[in-house]
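Keep in mind that the numbers below use all heavy atoms, side chains included, and drop hydrogens, waters and symmetry copies. Numbered from 1 within each chain, the chains take letters A, B, ... in sequence-line order. Please read all numbers here as calculations on a predicted model, not as lab measurements.
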Number of protein chains: 2
Amino acid sequence: MNLSKRQKSILVFIADYVKDHNYPPTIREIGTACEISSTSVVKYNLSKLERDELIVRHKEVSRGLSLNWSRLQAVGLANELANAPAANGNANRNRDRSSRQFFQVPVLGRIAAGEPIQVETADRSAADEWLELNESLFRNPAGLFALRVQGESMIDASVLDGDIVILRHQERAENGEMVAAWIDGQNETTLKHFYLEGDQVRLRPANPTYPEMFLPAKQVSVQGKVVSVIRQLE
Amino acid sequence: MNLSKRQKSILVFIADYVKDHNYPPTIREIGTACEISSTSVVKYNLSKLERDELIVRHKEVSRGLSLNWSRLQAVGLANELANAPAANGNANRNRDRSSRQFFQVPVLGRIAAGEPIQVETADRSAADEWLELNESLFRNPAGLFALRVQGESMIDASVLDGDIVILRHQERAENGEMVAAWIDGQNETTLKHFYLEGDQVRLRPANPTYPEMFLPAKQVSVQGKVVSVIRQLE
DNA sequence: AGCATACAAGAACATCTGTGCGGTGTCAAA
DNA sequence: TTTGACACCGCACAGATGTTCTTGTATGCT
């Protein structure tokens, strides 16, 4: 399943168009946007995309097409499309909640003290579980991943067994950010507020009744920044 | 702005249709579904809905209409429409993630120990803030509302200052459920696991290092069940 | 009564829009 | 060289779809 440049640009345009209008574009609109002069060529490419199941089409229905997000996700195009270029020009009239956006975040595994977390950005597509989230909660879905907390080991971060922690992948942290950090000496991953003080790192739990930790900087490696914690009880 | 039965059924149909197809219906489809024989009558009613800003319409564009969710929200129709009837019959082919759903939850105020929480279901429309959430996280958006946690008073429930607690309004709780409860004697609202034991209520904090409470049942009044906790750090 | 307004029908009309078909150029396999 | 798949172009056709016009029935107000 190899997408041509044109086909990719068609996908981008559709995502963008739907975001702006809340309904899909026509073949001619796609043609104009993607600089395809002939409607039949658009149809040709749409058929290809349909064969690849990246879009769903309804015969003889005007604007009868939609993106197949779960398939796009699998192919790794979803994020790219979800981040489609901002609304252009005339499109700020309907810029209310109805122009909703969402995206999926891979749940890459579990986090528990004593286990390192594995975050090869490469194997995102191999994630066994995906979380669907709203744009409204996150500025930018790039680099986000999620971990399920196992056990009570993160309780000093006010994170309980079963909670889902959403992180943004990064290896450096600003002071005060809550990060997932691997601590060499103690062989554990933990969620703490991060403060670099000289060549020492201070790790402050979210729950102030738990003690802080002081460690040599080189002993602490940041896995990602915690951007959200979600607890489902139902 | 008084909606006729027909106009309401049109809104319901549009919401339902979009949910199933990912694109809006035509005037004739609306007509058939709502038992309107004439396209002009559909147009007439759509114009009314457009005047009321409940929908957005694009002239001379096929299927060029969309629901204005923020307006529907304000009028209190959003939940009703978001819960639109399940896909009917033929519509289970495109039943993947692309048929996404979302809904808004009113943030009714703050929760802090020492303050009662005000939850008149009536004034949902008066909420100053709304939270947009995914259907995927909640079975049923009915009766949901949100509170912003103020202060450190809920820390024994592993809920921090600034967290958002999502509750389902109910006045009775099953054993083990985490509830928001008002405690008469102590004049405070708290989040705890609820256990009715005879005519005593046992309240267990989420964080096991905090002590349990035992109180006479009549002293505890449940405000709602906690269904989710969301912490945003970015 | 007289009149304005809301709601509804049906049919004709004018676009909008997807589809089909003939044709072109490239490239690799036969 | 021939063949066929692939990508592309224009164009005309037909069906899909929004709009407009005329007519009709209530309802409420003066």
For [X], all residues meeting side chain to side chain donor-acceptor pair (under 3.5 Å), sequence neighbours excluded:
{"X": "Thr39(B)", "value": "none"}
{"X": "Ser9(A)", "value": "none"}
{"X": "Glu174(A)", "value": "none"}

State which residues pass ring pair (Phe, Tyr, Trp, His ring centres under 6.0 Å) with Tyr17(A); sequence neighbours excluded, sorted by chain then number.
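With sequence neighbours excluded, Tyr17(A) shows a ring pair (Phe, Tyr, Trp, His ring centres under 6.0 Å) to Phe13(A), His21(A), given in chain and number order.
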Who are the salt bridge (charged side-chain N to carboxylate O under 4.0 Å, His left out) partners of Arg148(B), not counting sequence neighbours?
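Salt bridge (charged side-chain N to carboxylate O under 4.0 Å, His left out) list for Arg148(B), sorted by chain: Glu129(B).
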Listed partners of Asp52(A) passing salt bridge (charged side-chain N to carboxylate O under 4.0 Å, His left out), at least two apart:
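With sequence neighbours excluded, Asp52(A) shows a salt bridge (charged side-chain N to carboxylate O under 4.0 Å, His left out) to Lys48(A), given in chain and number order.
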Roughly what angle, to 10°, lies between the helix axis at the start of the helix from dA1(C)-dT30(D) to dA30(C)-dT1(D) and the one at its end, five pairs per end?
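Roughly 10°, once rounded to the nearest ten degrees.
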Any residue of residues 26-34 of chain A with a heavy atom less than 4.0 Å from an atom of DNA chain C:
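Heavy-atom cutoff 4.0 Å gives Thr26(A), Ile27(A), Arg28(A).
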Quick one: how far along DNA chain D does chain A reach, first to last nucleotide 5' to 3', anything under 4.0 Å to a heavy atom?
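Nucleotide range in contact with chain A: dC6(D) to dT17(D).
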Below 4.0 angstrom, which residues in residues 38-47 of chain B have at least one non-hydrogen atom near DNA chain D?
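Result for residues 38-47 of chain B: Thr39(B), Ser40(B), Lys43(B), sorted by number.
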Outermost nucleotides of DNA chain C that come under 4.0 Å of a non-hydrogen atom of chain B:
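With heavy atoms of chain B under 4.0 Å away, the range is dA6(C) to dT17(C).
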Could you tell me which non-hydrogen atom of Pro24(A) sits nearest to which non-hydrogen atom of Asn22(B), and how far apart they are?
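Minimum heavy-atom contact is CG-O, 4.1 Å.
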Residue pairs, two or more places apart or on separate chains, that pass ring pair (Phe, Tyr, Trp, His ring centres under 6.0 Å) and touch residues 34-54 of chain B
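Listed once each, the pairs would be none.
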